[in-house]
2 protein chains.
Amino acid sequence: MVNIKDVAKNANLSVATVSRYLNKNGYVSKKSSERIEQAIRELDYKPSSIARSLSKKQSNIIGLIVPDIKNPYFPELARAVEDMAWSYGYTVVLCNSDEQTEKELLYIERLSQTYVAGLIVTTSLMDPSVYMSINTPIVALDRIIDVAIPTVATDNRKGAKLGTKYLLTNGAENLLCIRGPQGLKTADDRLTGFLEATDEQGLDPIVVTTSFDFKDAAKVIEQTLMLHPQVDGIFASSDTLAIAALHIAHKLEKRVPEELQIVGFDGIALGEMVSPALTTVGQDLYKMGAAAATMLIEQIEGKEIKQTVLNLDAQLIVRGTTRKEAAK
Amino acid sequence: MVNIKDVAKNANLSVATVSRYLNKNGYVSKKSSERIEQAIRELDYKPSSIARSLSKKQSNIIGLIVPDIKNPYFPELARAVEDMAWSYGYTVVLCNSDEQTEKELLYIERLSQTYVAGLIVTTSLMDPSVYMSINTPIVALDRIIDVAIPTVATDNRKGAKLGTKYLLTNGAENLLCIRGPQGLKTADDRLTGFLEATDEQGLDPIVVTTSFDFKDAAKVIEQTLMLHPQVDGIFASSDTLAIAALHIAHKLEKRVPEELQIVGFDGIALGEMVSPALTTVGQDLYKMGAAAATMLIEQIEGKEIKQTVLNLDAQLIVRGTTRKEAAK
DNA sequence: TTGAAAGCGCTACCAG
DNA sequence: CTGGTAGCGCTTTCAA
């Protein structure tokens, strides 16, 4: 492997000058620059980012911690993060935490042995102090960890209220809310939004809790729907959950949206693929991921951080699991 | 950050001895070991993997190159790779190539600046020589690059034949094959398998080509189905494509599986979520990813490689988009 | 069984 | 504007 020394020799300059050229800091004469460029081309020199990291005590690796990349929500985020990172010359390390605090902790520990430049975390089950205490730039994506930590998230309460109201406007009367795991902030907030909307109408909806696992969810939903056949509107705390509901509706031969309307939350691509396509409260996932990456990189590079919290509004995406807004 | 020198000082030993202890090579007396352990605990010392990489010219980073992590096929692979890597102490860098040779090349170049320990690649659009020439352990996953490169893949021809035959056995007579992009080995092989099955029956099926993009595929399928309403069996080159077909079937109000049967290929989780659930030729994605990672790590660590090519058989997974095997 | 010291490739300070 | 050189933290001879 050719190194900076070889380049220096070839260009008849010192290592220091070449380094200065490479980092575009300090003075290098036009002539020297040309000689260096020439040498680099000739030798096909590639700087070692490891060596650079060691001496700068700073790498260009970003850790992305997600609960499970198989959950269709996260690849969309991951893709955006990766795109952004790539364009800034960073590289992203993928970490699956399985929502386990312990595994996440281990990851953080391992990553910090590598001088990770920063962390993007889509989790909040953990004590905020852990994140605050690690001495690495960090941004929370999707889930808020602490007000002190830069965050990109969606206003879940507001979005849920929006979706629920739409269901109500469309004539649904017996609502069911399928909520995600207890204690998960996003799920809690979405429930709050749902309840706000139903409360306003003086309704008394059913609420069931489930994990995000498709099969678990399907089971819970099936039981609930059997028990409460009058349900004609479902607000699900995620698109996956909504799709599970749709699946069960088919199984129970309930017509969607005629007999049962469903609204999801997230806006994953999958929602367009099912039949009928899913009406949902959609977030701009790509935008979120990209924003988080940008925010992190700005932090890493010590730039003025314009905005430390980005709270996005979700939009209603009307597709096929709700009736056309009828009597209004 | 506490370093090896601090530990050595604290343990009243030399840096060399501590290093030997850390790497479990060379002699270290029982007593010294204990002192070192003690010091490590006391100081909460974490070795710097960057420094280690620099001096060993070897990192613990594995690059995983996929076309697009948003394609639901890849997260399942990625998850397995990551799990395996994690358990061996490696870290995986996620790279999206978008099926673009150029981007892939850039990635490989960038990764090689980091002493990546190895590469797992799910692509084959590129000239094999590129992979052979980079001086890094590599394994091809899902798509075969070259016989000389260790590979984990599925027997696509055989699987496709299996799926098509099943369609035929179940009474489908007018077959349509939705094949993936031309020139993509996996797609080509699956077409071959499909044709073998139809040829045996002296059939003359329709074949259409599409990209893996859902919307593109849906459009192509819709046109085809309008043009050839007699089609009563579809073999799709991937589950995503099959789901697109299912979507269009609903749109055109064709009953599945009564009027139209569909068989996919891949076995992604998504297949179970749609309604009716997708009958498919399934691969054990997790196993594939895990095997690829293991194979790579064995290569990296210079272990005897038991097996350099793993060719798995796909299994028929009968679900709801085909009729129950009737007259047989 | 241990330690001194020479790198690994690059950055950054200081002197010229 | 340029070069010498001391690290960055760790591994690995080579001697002792």
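Residue numbering restarts at 1 for every chain, and letters A, B, ... go by the order of the sequence lines.
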Mind checking [X] for me? I need base, sugar-phosphate or nothing, with any heavy atom below 4.0 Å counting as a touch.
X	value
V18(B)	nothing
Y21(A)	nothing
I50(A)	nothing

Let me know the distance between [atom1] of [X] and [atom2] of [N], rounded to the nearest Å.
X	N	atom1	atom2	result
K5(A)	dT5(D)	NZ	P	12 Å
R52(B)	dC8(D)	CZ	P	18 Å
Q58(A)	dG9(D)	CD	C1'	16 Å
R20(A)	dT5(D)	CZ	P	15 Å
L54(B)	dC8(D)	CG	P	14 Å
K31(A)	dC1(D)	NZ	P	13 Å

Report yes if a side-chain nitrogen or oxygen of [X] is closer than 4.0 Å to either non-bridging phosphate oxygen (OP1 or OP2) of [N]; otherwise report no.
X	N	value
Y45(B)	dC10(D)	yes
T17(A)	dT2(D)	no
K57(A)	dG9(D)	yes
S32(A)	dT2(D)	yes

Open item on the list: Assuming nearest nucleotide by heavy-atom distance, tell me which of Y27(B) and K56(B) is located more 5' along DNA chain C.
Closed with: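 Going by which nucleotide is closer to the 5' end, it is Y27(B).
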Task: Residue mapping more 5' on DNA chain C - nearest nucleotide basis, N12(B) or Y115(B) - done: N12(B)
Open item on the list: Using 0.5 Å steps for rounding, measure from the CZ atom of R52(A) to the CG atom of N23(A).
Closed with: 5.0 Å
TODO: Would you name the heavy atoms of A51(A) and L54(B) that are closest together and state the gap between them?
DONE: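 Scanning both residues, the minimum pair turns out to be CB-CD1, 3.8 Å.
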- [ ] For residues A85(B) and V92(B), report the shortest heavy-atom separation together with the two atoms involved.
- [x] CB-CG1, 3.7 Å
Open item on the list: Any side-chain to backbone donor/acceptor pair from S59(B) onto I50(B)? Under 3.5 Å, distance only.
Closed with: no
Task: Donor-acceptor pair, side chain of N71(A) and main chain of D68(A), under 3.5 angstrom - done: no
Open item on the list: At a heavy-atom distance below 4.0 Å, which nucleotide of DNA chain C is the first touched by chain A, and which is the last?
Closed with: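 It runs dG9(C) to dA12(C).
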Open item on the list: Counting only side-chain heavy atoms from C-beta out, which of dC10(D), dT12(D), dT2(D) sits nearest to S29(A)?
Closed with: dT2(D)
- [ ] Go through the steps to decide whether Y88(A) and E301(A) satisfy the test side-chain hydrogen bond (donor to acceptor under 3.5 Å, both in side chains), and finish with yes or no.
- [x] CA-CA 11 Å; Y88(A) 282 96; E301(A) 301 188 342; over 6 Å; no
TODO: With sequence neighbours left out, write down each residue that passes salt bridge (Lys or Arg N to Asp or Glu O under 4.0 Å) with R35(B), or none if nothing qualifies.
DONE: none
